[in-house]
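Remarks on the structure that follows.
Letters A, B, ... mirror the listed sequences (proteins, then strands); counts begin at 1.
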There are 2 protein chains.
Amino acid sequence: MTTPLRAFKAQIFQALAHPTRIAIVEALRDGELAAGALGARLGLEQANLSQHLAVLRSRLVVVSRKAGNQVYYSLRDPVLGQVLDLLKQYVQAHLNETLALLNEMEPKKRRRA
Amino acid sequence: MTTPLRAFKAQIFQALAHPTRIAIVEALRDGELAAGALGARLGLEQANLSQHLAVLRSRLVVVSRKAGNQVYYSLRDPVLGQVLDLLKQYVQAHLNETLALLNEMEPKKRRRA
DNA sequence: TGCGAATATTCGCACTATCGAATATTCTGG
DNA sequence: CCAGAATATTCGATAGTGCGAATATTCGCA
């Protein structure tokens with residue numbers, strides 16, 4: 001596989017490499033949603049949501065449709081939803097290690113060491 | 001889905017969000033390889049490869065097995081290979097836009113504007 | 001025309017990632 | 001034990017990301 005093609009895939013992975021953007025993609029799996037609805041559903045700051053949407057748009061993960069005052073977003077290709085399904089499968093298959101990693105991931109309070 | 005779970009998935013996507021690491025995962029799909037063999041196959045600097053392997057290891061995308069002087073790496077779960085397959089499918093389905101994006105991605109020389 | 005709602009963009013800052021160079025570690029054979 | 005191969009880690013510089021605050025844009029309607 002050529003390197004630029006890998007770079008392209010890397011871009012897509014990067015677009016998905018943020019919890020908020022994963023949440024957005026998940027929310028869009030059942031159909032399009034206006035930006036405002038997304039923000040309400042996910043409890044996000046307006047600017048923050050818009051920034052994440054910009055990232056997803058720039059990678060063409062998501063497409064937008066303007067209707068009057070609002071902008072409706074939808075997943076560009078359901079295959080991206082399938083990618084999330086595979087990941088879910090992966091997470092479930094390794095629940096134990098997953099939990100261990102999650103612990104390491106949010107130490108927040110856990111000082112020591 | 002809970003937020004920490006999404007954070008976990010995001011970590012995995014992030015691990016895959018680099019052309020070199022995608023190349024590594026692809027190379028490991030047909031079986032384990034020693035670090036040195038990987039470096040030779042992909043034409044990478046030793047330190048650089050080792051750093052990328054460290055990322056993949058920390059996200060458990062890849063597991064290592066030490067055999068004497070060498071360290072053999074392998075994909076932890078073939079489902080991650082399937083994720084790459086889906087992406088390939090995606091890229092092919094949208095070849096036109098893909099190419100357009102690739103152009104924007106490596107302007108390097110293209111100054112103007 | 002101009003206000004107000006919906007969305008996008010810009011800015012400054014803190015944080016993270018990537019890289020090559022240098023250095024450290026671990027193992028094997030002698 | 002020592003030299004050398006294979007791999008990992010650390011360091012410093014540079015680039016990229018994520019966030020909220022502020023600001024800009026766009027659209028419908030009175």
Measure from [atom1] on [X] to [atom2] on [N] and round the result to the nearest Å.
| X | N | atom1 | atom2 | answer |
| --- | --- | --- | --- | --- |
| B:Gln51 | C:dA24 | CD | P | 17 Å |
| B:Gln14 | D:dG18 | CD | P | 8 Å |
| A:Leu49 | C:dA6 | CG | P | 13 Å |
| A:Leu33 | C:dT7 | CG | P | 11 Å |
| B:Gln11 | D:dT17 | CD | P | 16 Å |
| B:Glu45 | D:dT10 | CD | P | 19 Å |
| B:Tyr72 | D:dT7 | OH | C1' | 13 Å |
| B:His18 | C:dC19 | NE2 | C1' | 9 Å |

Test applied, side chain to side chain contact (heavy atoms under 4.5 Å, CB included); reference residue, A:Tyr73; option that passes from A:Ile24, A:Leu28, A:Leu33: A:Leu28

Of the options [options], whose atoms approach the side-chain atoms of [X] most closely?
| X | options | answer |
| --- | --- | --- |
| B:Leu53 | D:dA8, C:dG20, D:dT7 | D:dA8 |
| B:Tyr73 | D:dA8, D:dG20, D:dC19 | D:dA8 |
| B:Lys66 | C:dT9, C:dC27, C:dA8 | C:dC27 |
| A:Arg59 | D:dG18, D:dT17, C:dA8 | D:dT17 |

Counterpart base for C:dC15, defined by Watson-Crick or G-U wobble contacts under 3.5 Å: D:dG16

Among B:Arg59, B:Lys9, B:Arg21, side chain to side chain donor-acceptor pair (under 3.5 Å) partner for B:Gln14: B:Arg59

Minimum side-chain heavy-atom gap A:Phe13-B:Val83 below 4.5 Å: yes

